[in-house]
Trainee: 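My questions all concern the structure below.
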Amino acid sequence: MESPVKTLVYGYGNPGRGDDGLGPALVEKIQAWIVENNVLGVDTDSNYQLNIEDAYNIKDYDIVIFADASCEDIEHFIIERVKPDEKTAFNTHSVSAGFVLNLCNNMYGKKPLVFLLHLRGYDFGLKEGFSDLADSTLNMAYNYLVNIIATPRLSKLLESVK
């Protein structure tokens, strides 16, 4: 199976902080699906946090889907389109997805369609493994992404995301 557009699924978070590891865990599941189904045109990557170097890493993709755990009060997960952002805030994640996109555009003249998939986390304590609710969220988000990536009109479908 070949994806119609070059896509990167990039999860970030700390697997040693409970549900904060949802982003990298989602990438592991997506990578296994890619290999099992011989999906071409879709790559994966993960890290503890986004860094300015990720502007280089996303420059050759049509679509980038960042995935990260969220402590926001959302049902399971939400996906939103990322707009370029010149501001950087130094917090748990050193730079935002919007800042990475802005750097990519400014440094390389590239502006992939970028999305952030927020996965609802519940327990961010010092431990490995997920809470039962987060584990359920992980599986729902995985099914959602597999269905989107397998859609021939992936870019059109994602462009409708606000």
Side-chain angles (χ1 to χ4, degrees), residues 1-15 19-70 72 74-85 88 93-121 130 134-162:
M1 179 186 337
E2 184 168 355
S3 176
V5 293
K6 191 161 178 170
T7 303
L8 174 66
V9 180
Y10 185 119
Y12 57 100
N14 184 347
D19 295 349
D20 194 45
L22 284 168
L26 179 62
V27 164
E28 284 182 29
K29 288 175 72 85
I30 293 293
Q31 180 60 38
W33 173 78
I34 289 169
V35 170
E36 182 179 313
N37 294 283
N38 195 30
V39 177
L40 303 174
V42 179
D43 297 322
T44 61
D45 196 1
S46 65
N47 205 336
Y48 281 99
Q49 61 191 20
L50 293 178
N51 297 294
I52 59 172
E53 295 84 1
D54 291 316
Y56 177 82
N57 296 336
I58 70 169
K59 71 179 178 49
D60 295 324
Y61 291 93
D62 301 306
I63 295 176
V64 177
I65 302 170
F66 289 115
D68 187 28
S70 174
E72 298 294 318
I74 55 178
E75 190 167 340
H76 295 287
F77 65 89
I78 59 170
I79 188 167
E80 65 181 359
R81 190 161 176 187
V82 173
K83 305 287 186 201
D85 187 357
T88 184
H93 301 299
S94 61
V95 296
S96 70
F99 188 73
V100 170
L101 176 58
N102 187 61
L103 281 176
C104 181
N105 188 27
N106 289 338
M107 294 175 70
Y108 305 107
K110 304 281 182 98
K111 193 173 175 185
L113 224 93
V114 175
F115 299 88
L116 180 54
L117 181 65
H118 303 267
L119 300 135
R120 175 69 151 108
F130 306 120
D135 195 48
S136 176
T137 293
L138 175 63
N139 290 321
M140 284 186 247
Y142 165 78
N143 290 327
Y144 172 79
L145 270 187
V146 164
N147 286 329
I148 282 185
I149 293 169
T151 300
R153 295 179 309 276
L154 171 67
S155 59
K156 292 286 187 203
L157 180 65
L158 285 173
E159 284 174 359
S160 67
V161 173
K162 295 182 180 185

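Values reported hereafter were calculated over all heavy atoms of this structure, with side chains retained and with hydrogens, waters and symmetry mates removed.
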Trainee: For the residue pair Ala67 and Leu119, what are the closest heavy atoms and their distance?
Mentor: CB-CD1, 4.1 Å

Trainee: If you measure from OH on Tyr12 to CG on Asp20, what distance do you get to the nearest 0.5 Å?
Mentor: 10.0 Å

Trainee: Which residues pass the side chain to side chain donor-acceptor pair (under 3.5 Å) test with Ser70, not counting sequence neighbours?
Mentor: none

Trainee: Taking atom CD1 of Ile30 and atom CG of Leu145, what is their separation to the nearest 0.5 Å?
Mentor: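 Reported value, rounded in 0.5 Å steps: 4.5 Å.
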
Trainee: Tell me whether Asn14 contacts the main-chain N or O of Tyr48 through its side chain, where contact means a donor paired with an acceptor under 3.5 Å.
Mentor: no

Trainee: Rounded to the nearest 0.5 Å, how far apart are CD1 of Ile34 and CD1 of Ile149?
Mentor: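 Going from CD1 on Ile34 over to CD1 on Ile149, the span is 6.0 Å.
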
Trainee: Under 3.5 Å, which donor-acceptor pairs do the side chains of residues 97-113 form with other protein atoms, sequence neighbours left out?
Mentor:
unit_1, atom_1, unit_2, atom_2, d
Asn106, ND2, Asn102, O, 3.4

Trainee: Nearest 0.5 Å please: distance from the CG atom of Asn143 over to the CD1 atom of Ile148.
Mentor: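 Atom-to-atom, Asn143:CG and Ile148:CD1 are 11.5 Å apart.
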
Trainee: So Tyr61 and Val114, do their side chains get closer than 4.5 Å, heavy atoms only?
Mentor: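 Val114 vs Tyr61: side chains apart.
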
Trainee: In Å, rounded to the nearest 0.5 Å, how long is the span from OG1 of Thr44 to CG of Leu8?
Mentor: 7.5 Å

Trainee: Which heavy atom of Glu80 sits nearest to which heavy atom of His118, and what is that distance?
Mentor: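 Glu80 and His118 have their closest heavy atoms at OE2-NE2, 2.8 Å.
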
Trainee: Which residues pass the ring-ring contact (aromatic ring centres under 6.0 Å, His included) test with Phe130, not counting sequence neighbours?
Mentor: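 Scan of Phe130 (ring-ring contact (aromatic ring centres under 6.0 Å, His included), adjacent residues dropped) gives none.
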
Trainee: Answer yes or no: is there a donor N or O on one side and an acceptor on the other, between the side chain of Asn139 and the main chain of Ser136, under 3.5 Å?
Mentor: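 Not confirmed, Asn139 side chain does not pair with Ser136 backbone.
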
Trainee: Which atom pair, heavy atoms only, marks the closest approach of Gly13 to Pro24?
Mentor: O-CG, 3.6 Å

Trainee: If you define the side chain from C-beta out and look only at heavy atoms, does anything of Ile79 sit under 4.5 Å from Phe77?
Mentor: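 With C-beta onward as the side chain, the pair stays apart.
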
Trainee: Once you round to the nearest 0.5 Å, how far does CG of Asp43 lie from CD1 of Ile58?
Mentor: 13.5 Å

Trainee: So, do Leu117 and Leu26 sit near enough that their side-chain heavy atoms are less than 4.5 Å apart?
Mentor: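 Yes, side chains in contact.
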
